[in-house]
Amino acid sequence: QVQLVESGGGLVQAGGSLRLSCAASGRTFSSMAMGWFRQAPGKEREFVAAISWSGGVTSYADSVKGRFTISRDTAQNTVYLQMNSLKPEDTAVYYCADDYNGRGDFGSWGQGTQVTVSS
């Protein structure tokens with residue numbers, strides 16, 4: 001079990017930026033990659049970005065490519081999501097998750113942090 005705590009959410013104007021953080025603890029040695037997901041009210045949870053702990057290979061949803069950047073600090077067991085050029089449609093609760101096998105199987109989830117983008 002990996003414990004995950006997100007932070008950095010808030011209210012921002014369209015075109016602004018936010019940086020989300022996700023601190024991991026517990027069985028981090030079993031984690032192959034970390035991902036960010038988001039869920040807006042009444043909508044399904046969607047994938048945003050992911051990064052492998054070893055090598056830092058990244059993956060992004062088409063909707064955020066060129067605007068969001070995922071990164072990680074292996075020494076601190078922390079993953080970040082730098083969000084630039086934010087749009088109202090980015091409004092959602094953002095969750096980080098642990099991919100235990102690096103194949104998209106996310107087994108542990110944080111509690112989420114709210115991101116609200118006003119027009």
Side-chain angles (χ1 to χ4, degrees):
Q1 182 70 33
V2 176
Q3 289 77 51
L4 305 171
V5 180
E6 303 97 332
S7 62
L11 174 64
V12 66
Q13 293 285 106
S17 299
L18 284 173
R19 189 183 74 159
L20 306 183
S21 298
C22 176
S25 61
R27 287 182 165 268
T28 56
F29 57 85
S30 298
S31 177
M32 296 296 294
M34 298 290 291
W36 285 99
F37 295 77
R38 65 188 182 187
Q39 186 167 24
K43 297 184 178 181
E44 295 184 355
R45 182 180 63 198
E46 65 173 334
F47 170 79
V48 176
I51 187 168
S52 64
W53 285 112
S54 178
V57 179
T58 60
S59 180
Y60 296 94
D62 288 341
S63 60
V64 305
K65 286 181 179 178
R67 299 189 298 121
F68 291 10
T69 302
I70 189 170
S71 61
R72 87 274 193 254
D73 184 335
T74 57
Q76 296 295 321
N77 291 326
T78 302
V79 64
Y80 304 95
L81 185 68
Q82 178 66 47
M83 306 185 294
N84 298 326
S85 301
L86 283 162
K87 305 174 180 179
E89 49 263 47
D90 295 318
T91 295
V93 176
Y94 283 70
Y95 301 89
C96 65
D98 160 58
D99 181 350
Y100 64 88
N101 64 3
R103 299 170 184 171
D105 297 322
F106 295 91
S108 299
W109 297 81
Q111 83 290 341
T113 185
Q114 176 70 49
V115 172
T116 303
V117 184
S118 61
S119 60

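We count residues from 1, following the sequence as given. Quick note: numbers below take in every heavy atom, side chains included, and nothing from hydrogens, waters or symmetry partners.
- The closest side-chain heavy-atom distance from Arg38 to Ser63 is below 4.5 Å.
- Between the CG atom of Asp98 and the CG atom of Asp105 there is a distance of 10.5 Å, given to the nearest 0.5 Å.
- The two residues Asn84 and Gln82 make their nearest non-hydrogen contact at OD1-NE2, 3.0 Å.
- Within the model, atoms OG of Ser119 and CD of Glu89 stand 10.0 Å from one another, a figure rounded to the nearest 0.5 Å.
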Lys65 vs Asp62, test: salt bridge (Lys or Arg N to Asp or Glu O under 4.0 Å). Steps then yes/no.
CA-CA 5 Å; Lys65 286 181 179 178; Asp62 288 341; 3.1 Å; yes

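- The nearest pair of heavy atoms linking Phe47 to Ser59 is CZ-O, 3.7 Å.
- Gly8 and Leu18 get closest at one heavy-atom pair: O-CD2, 3.9 Å.
- Looking only at side-chain heavy atoms (C-beta outward), Tyr100 and Ser30 stay at 4.5 Å or farther from each other.
- A heavy-atom distance below 4.5 Å is not found between the side chains of Val117 and Met83.
- Contact annotation: the side chain of Asn101 approaches that of Asp99 to within less than 4.5 Å [non-hydrogen atoms, C-beta and beyond].
- Using cut-offs of 30° and 60° on the angle between ring planes, the pair Phe68 and Tyr94 is tilted.
- The CD atom of Gln114 sits 7.5 Å away from the OG1 atom of Thr91 when rounded to the nearest 0.5 Å.
- Checking side-chain atoms of Arg72 against main-chain N and O of Trp53 turns up a donor-acceptor pair under 3.5 Å.
- In this structure the side chain of Tyr80 reaches within 4.5 angstrom of the side chain of Asp73, judged on heavy atoms.
- Although no hydrogens or angles enter the test, the distance criterion places no donor-acceptor pair under 3.5 Å between the side chain of Glu6 and the main chain of Thr113.
- Val79 places a side-chain heavy atom less than 4.5 Å from the side chain of Cys22.
- Ser52 contributes a side-chain N or O that, together with a main-chain N or O of Val57, makes up a donor-acceptor pair within less than 3.5 Å.
- Nearest heavy-atom pair across Phe37 and Ala97 is CE1-CB, 4.2 Å.
- To the nearest 0.5 Å, atom CZ of residue Arg19 and atom OG1 of residue Thr69 are 12.0 Å apart.
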